[in-house]
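What follows is a short report on a single structure.
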Amino acid sequence: TERTTDPAPHEPRRDAGPGQGAGVVVVAGALYDRGRLLAARRSAPVELAGRWELPGGKLEPGESPEEALVRELREELGVEVEPGERIPGEWPLKPGYVLRVWTARLLSGEPRPLEDHDELRWLSRHELDSVDWLDQDRPAVAEAALRLPPA
Ligand code: DCM
């Protein structure tokens with residue numbers, strides 16, 4: 001979820017370079033239900049709108065990544081999830097931002113595009129290439145596909 005105030009004091013300068021830590025961590029969820037993976041189409045900002053992603057958002061101060069994931073998916077999709085394992089790897093976003101992905105299992109609720117998205121789709125393994133994923137999400141989606149539980 002994009003905050004309207006920019007940037008908060010805990011966030012690094014936009015030109016933070018190597019040796020300045022991970023910068024802003026964005027956590028996203030590979031959310032599974034009955035052998036399918038959830039894909040979410042972004043509605044904003046304009047340069048990302050229409051592209052598909054694993055839903056998530058920025059870590060807030062004091063939060064663990066798992067806590068941030070639970071909060072973001074509650075806010076954006078209206079569901080409760082249980083985080084699982086981290087998908088190995090880390091992918092650069094805009095300067096100073098990195099994407100890290102966890103698997104997650106749907107506990108309750110039916111995902112709805114409440115914030116940041118205008119469409120959601122549950123994709124089975126053979127449907128994963130049917131949407132235009134954000135470039136930075138593609139390696140995570142490939143890894144997530146390897147972990148798709150049976151239907
Ligand atoms: N982002 C991304 N891939 C994701 C989730 C988020 O590239 N799976 C990017 C989009 C934004 C930033 O991370 O530039 C913060 O996301 P949000 O606006 O959802 O908080």
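Since the model is a prediction, treat every value here as computed from it, not as a measurement. Index from 1, following the sequence.
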### Task
State plainly whether one hydrophobic cluster holds both L128 and W91, where clusters connect Ile, Leu, Val, Met, Phe, Trp and Tyr through side-chain heavy atoms under 4.5 angstrom apart.
yes
### Task
Check whether L93 and V141 end up in the same hydrophobic cluster, where Ile, Leu, Val, Met, Phe, Trp and Tyr are linked by side-chain heavy atoms less than 4.5 Å apart.
yes
### Task
Inspect the contact between R147 and E85 and indicate whether a charged nitrogen and a carboxylate oxygen are less than 4.0 angstrom apart.
yes
### Query
Quick check: does any side chain N or O of R138 sit under 3.5 Å from a backbone N or O of W133, one acting as donor and the other as acceptor?
yes
### Query
With distance as the sole test, does E63 use its side chain to make a donor-acceptor pair with the main-chain N or O of E60 at under 3.5 Å?
yes
### Query
If you take all heavy atoms of L120 and P113, which pair is closest and at what distance?
CD1-N, 3.6 Å
### Query
Do R41 and E53 come close enough that some side-chain heavy atom pair is under 4.5 Å?
no
### Task
Show the numbers, then the answer: is there a side chain to side chain contact (heavy atoms under 4.5 Å, CB included) between S130 and L123?
CA-CA 9 Å; S130 67; L123 302 176; 3.9 Å; yes
### Query
Does R112 reach the main-chain N or O of L114 with its side chain, forming a donor-acceptor pair under 3.5 Å?
no
### Message
Taking the side chain as everything from C-beta on, heavy atoms only, tell me whether V25 gets closer than 4.5 Å to P65.
### Response
no
### D137 (side chain) donor-acceptor with L54 (main chain) under 3.5 angstrom
yes
### Message
When you measure from the side chain of W122 to the backbone of A39, do you find a donor-acceptor pair of N or O atoms at a distance under 3.5 Å?
### Response
no
### Query
With side chains defined as the heavy atoms from C-beta onward, is the minimum distance between V81 and L73 less than 4.5 Å?
yes
### Message
Does either side chain, that of W102 or that of E66, offer a donor lying less than 3.5 Å from an acceptor on the other one?
### Response
yes
#### Entry: Minimum-distance pair of heavy atoms, taken over all atoms of I87 and A140
CD1-O, 4.1 Å
### Summary
Nearest heavy-atom approach of E67 to G62 is OE1-O, 4.0 Å
### Message
What I want to find out is whether E119 reaches R121 closely enough, with some N-O distance under 4.0 Å, to be called a salt bridge.
### Response
yes
### Query
Looking at A44 and A49, what are the two nearest heavy atoms and their distance?
N-CB, 4.2 Å
### Message
With a 3.5 Å distance limit and no angle check, can you tell me whether Y32 reaches the backbone of A144 through a side-chain donor-acceptor pair?
### Response
yes
### Message
Check this for me: D129, atom CG, are more than 12 non-hydrogen atoms of other residues, nucleotides or ligands nearer than 6.0 Å?
### Response
no
### Query
Within the side chain of R100, is there an N or O that forms a donor-acceptor pair under 3.5 Å with the backbone of G89?
no
### Query
Quick check: does any side chain N or O of S124 sit under 3.5 Å from a backbone N or O of R36, one acting as donor and the other as acceptor?
no
### Query
Is there a donor-acceptor pair closer than 3.5 Å between any side-chain N or O of T103 and the backbone N or O of A30?
no
### Query
Charged N to carboxylate O under 4.0 angstrom, R105 versus D33?
no
### K58 NZ to L99 CG distance, which is reported to the nearest 0.5 Å
12.0 Å
#### Entry: Backbone of E72 reached by a side-chain donor or acceptor of E75 within 3.5 Å
no
### Query
With hydrophobic residues grouped by side-chain heavy-atom distances under 4.5 Å, do V24 and L134 end up in a single group?
no
